[in-house]
Amino acid sequence: MKRWSLINNPAWIKLWNWEYWPTLAFYWPMFVYGPLLALRSRHACFFTAANPGILAGGLGLESKYATIQNLPAAFCPKSILAPRGQDLALILEEIRQAKIEFPLIAKPDVGYRGFLVKKLDTPDQLRAYLSQYPIDFIIQEYLNYPVELGVLYYRLPNVEKGKITSLTLKDFLHVTGDGKSTVLQLIENTPRALLQLDRLQETHWQLFKNVPAAGERISLGVIGNHSKGTQFINGNQHIDAALHHTFDAISIQIPGFSYGRFDIKCNSLEDLKQGKNFKIIELNGVCSEPTHIYDQTLGSYFRAVGTIMKHWTIVRKVAAANHRRGVAYVPEPQMIKMLTGLRDYHQKIKAALKVE
């Protein structure tokens with residue numbers, strides 16, 4: 001039986017656990033601090049010089065597929081671009097040629113925070129999914145590595161060694177059986193899972209009546225995003241010389257890259273430190289968050305906000321160094337045009353969601 005209490009109230013859970021607070025709650029100081037950084041840089045779009053090889057420095061306007069193409073091939077998952085409106089037969093042929101098998105991952109070429117990222121098991125599911133949204137998608141192989149993590153790294157231009165400022169370990173959404181409760185009851189009494197109940201009713205309803213054995217772990221997600229219920233765990237204590245060496249070696253091979261977060265799937269953290277058995281599923285630029293801040297054991301909400309501001313100070317430092325070497329800032333009118341395009345893009349998606 002469901003145990004009704006404050007723990008079962010989604011609004012209460014979100015109120016008292018700041019990791020679930022809206023984005024604005026973490027970024028409101030940037031409405032003041034951002035302009036101060038811009039004044040110091042003498043340009044409103046100072047951040048665009050942080051990564052010359054990524055559109056607008058990686059503010060979230062860029063093609064993720066284009067960014068993937070700049071990564072060392074040995075560390076990239078098999079991926080193709082499925083342009084909007086392309087015939088499914090052609091997409092399936094490209095998937096075959098790329099040796100991508102089902103299940104696979106589909107995600108928007110321009111996206112953020114796991115929005116519309118989905119694991120698809122069959123060609124029919126792929127057809128239905130791509131037909132819903134008038135946007136370009138990346139089709140990527142599904143990697144069955146047991147560990148997923150995020151590494152935020154920066155390196156000043158013309159310097160051999162960089163610095164890792166954030167390591168986030170990810171624990172995918174799950175419940176643990178007690179030998180008597182159904183999966184649905186376990187979800188209803190697990191705050192992190194309860195917040196995902198609407199989505200789980202569509203994706204995992206077939207498990208709801210099962211009664212797992214005591215201690216049995218029931219996986220409820222394979223997408224490593226906080227918005228999908230994944231728990232972000234501060235892993236900064238694992239940052240060491242070996243991990244720095246791995247990312248120094250990777251970053252030096254990426255043209256026009258100085259600052260960003262690598263989203264990684266690997267066999268183990270130790271393997272990653274040795275530079276083996278891992279793939280980079282995504283690389284984000286200046287929009288990258290130090291996602292370890294969403295581990296509430298790290299400290300207070302104000303410490304999380306301060307960490308974001310600290311990282312934007314680093315963005316300014318990196319961008320200024322690149323600018324001194326001749327990298328131009330994106331002109332303000334051009335940036336306004338790009339942001340307007342992004343707004344229109346989001347409106348297309350919202351319209352498609354309403355039709356769905």
Side-chain angles (χ1 to χ4, degrees), residues 1-5 7-14 17 19-20 77 100-108 111-133 137-149 168-233 263 265 281-282 291 294 349 352-356:
M1 180 179 292
K2 185 175 179 179
R3 298 186 296 274
W4 280 106
S5 68
I7 197 174
N8 302 113
N9 187 315
W12 186 263
I13 294 168
K14 291 179 180 179
N17 293 274
E19 65 171 293
Y20 301 120
I100 300 173
E101 298 179 354
F102 286 91
L104 49 73
I105 297 294
K107 56 186 176 182
Y112 57 95
R113 296 195 170 201
F115 184 60
L116 295 183
V117 179
K118 194 164 186 177
K119 178 186 174 188
L120 301 170
D121 296 316
T122 68
D124 285 341
Q125 288 182 4
L126 178 62
R127 177 187 294 107
Y129 200 61
L130 295 183
S131 66
Q132 288 177 352
Y133 308 104
F137 275 88
I138 298 174
I139 307 299
Q140 201 169 74
E141 66 173 317
Y142 172 66
L143 298 167
N144 203 26
Y145 285 122
V147 176
E148 184 168 332
L149 47 82
T168 305
L169 309 176
K170 300 182 180 183
D171 187 15
F172 291 106
L173 186 65
H174 69 279
V175 292
T176 303
D178 59 11
K180 55 185 179 181
S181 301
T182 66
V183 169
L184 178 57
Q185 289 170 333
L186 293 169
I187 290 171
E188 291 173 332
N189 289 290
T190 304
R192 189 174 297 276
L194 178 61
L195 293 179
Q196 299 290 322
L197 182 56
D198 288 346
R199 182 176 63 83
L200 295 174
Q201 286 174 333
E202 297 180 4
T203 60
H204 288 75
W205 58 269
Q206 69 275 18
L207 299 177
F208 280 6
K209 294 183 179 179
N210 295 353
V211 179
E216 182 181 356
R217 178 182 170 120
I218 303 299
S219 174
L220 298 173
V222 296
I223 307 300
N225 295 95
H226 194 261
S227 61
K228 304 283 188 181
T230 297
Q231 182 179 7
F232 286 0
I233 301 169
D263 291 336
K265 296 207 75 166
I281 56 177
E282 197 164 294
T291 48
Y294 295 107
I349 296 175
L353 287 171
K354 288 178 181 179
V355 171
E356 183 183 350

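No experiment lies behind these values; they were computed from the predicted model shown.
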About how many Å separate [atom2] of [Y] and [atom1] of [X], when rounded to the nearest 0.5 Å?
| X | Y | atom1 | atom2 | result |
| --- | --- | --- | --- | --- |
| Ile100 | Ile139 | CD1 | CD1 | 7.5 Å |
| Leu126 | Leu104 | CG | CG | 6.0 Å |
| Tyr145 | Ile281 | OH | CD1 | 12.0 Å |

Contact check, side chains of [X] and [Y], non-hydrogen atoms, under 4.5 Å:
| X | Y | answer |
| --- | --- | --- |
| Ser181 | Val211 | no |
| Leu200 | Phe208 | yes |
| Leu184 | Leu197 | yes |
| Arg192 | Gln231 | yes |
| Tyr142 | Glu101 | no |
| Leu186 | Thr176 | no |
| Phe115 | Ser227 | no |

Looking at residues at least two apart in the chain, or sitting in another chain, which of them share a side-chain hydrogen bond (donor to acceptor under 3.5 Å, both in side chains) with [X]?
| X | value |
| --- | --- |
| Asp171 | Arg217 |
| His204 | none |
| Thr230 | none |
| Asp198 | none |

Can you name the nearest heavy-atom pair linking [X] to [Y], along with the distance?
| X | Y | answer |
| --- | --- | --- |
| Ile13 | Asn17 | O-ND2, 2.8 Å |
| Thr182 | Lys209 | CG2-O, 3.9 Å |
| Gly229 | Leu173 | O-CD1, 3.7 Å |
| Glu282 | Lys107 | OE1-NZ, 3.1 Å |

* Asked: Relative to the ring of Tyr129, is the ring of Tyr133 parallel (under 30°), tilted (30 to 60°) or perpendicular (over 60°)?
  ->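 Perpendicular, since the angle between the ring planes exceeds 60°.
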* Check the pair Asn9, Lys14 against side-chain contact (heavy atoms from CB on, under 4.5 Å), reporting the backbone distance first and the verdict last. => CA-CA 9 Å; Asn9 187 315; Lys14 291 179 180 179; over 6 Å; no
* Asked: If you look only at pairs with a residue in residues 117-126, which of them pass as a side chain to side chain donor-acceptor pair (under 3.5 Å), with sequence neighbours excluded?
  ->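 Sorted pair list: Asp124-Arg127.
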Measure from the side-chain N and O atoms of [X] to the backbone N and O of [Y], and report whether any donor-acceptor pair falls under 3.5 Å.
| X | Y | answer |
| --- | --- | --- |
| Lys265 | Leu143 | yes |
| Asn210 | Pro212 | no |
| Thr190 | Ala193 | no |

Atom pairs and distances, donor-acceptor, side-chain atoms in residues 218-226, under 3.5 Å, two or more places apart:
residue: Ser219; atom: OG; partner: Gly221; partner atom: O; Å: 3.4
residue: His226; atom: NE2; partner: Glu19; partner atom: OE1; Å: 2.7

* **Tyr294/Tyr20 aromatic ring centres below 6.0 Å** =>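 No, the ring centres sit 6.0 Å or more apart.
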* Asked: Are more than 12 heavy atoms from other residues, nucleotides or ligands located less than 6.0 Å from atom CD of Gln201?
  ->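 It does: Gln201 CD has more than 12 such atoms within range.
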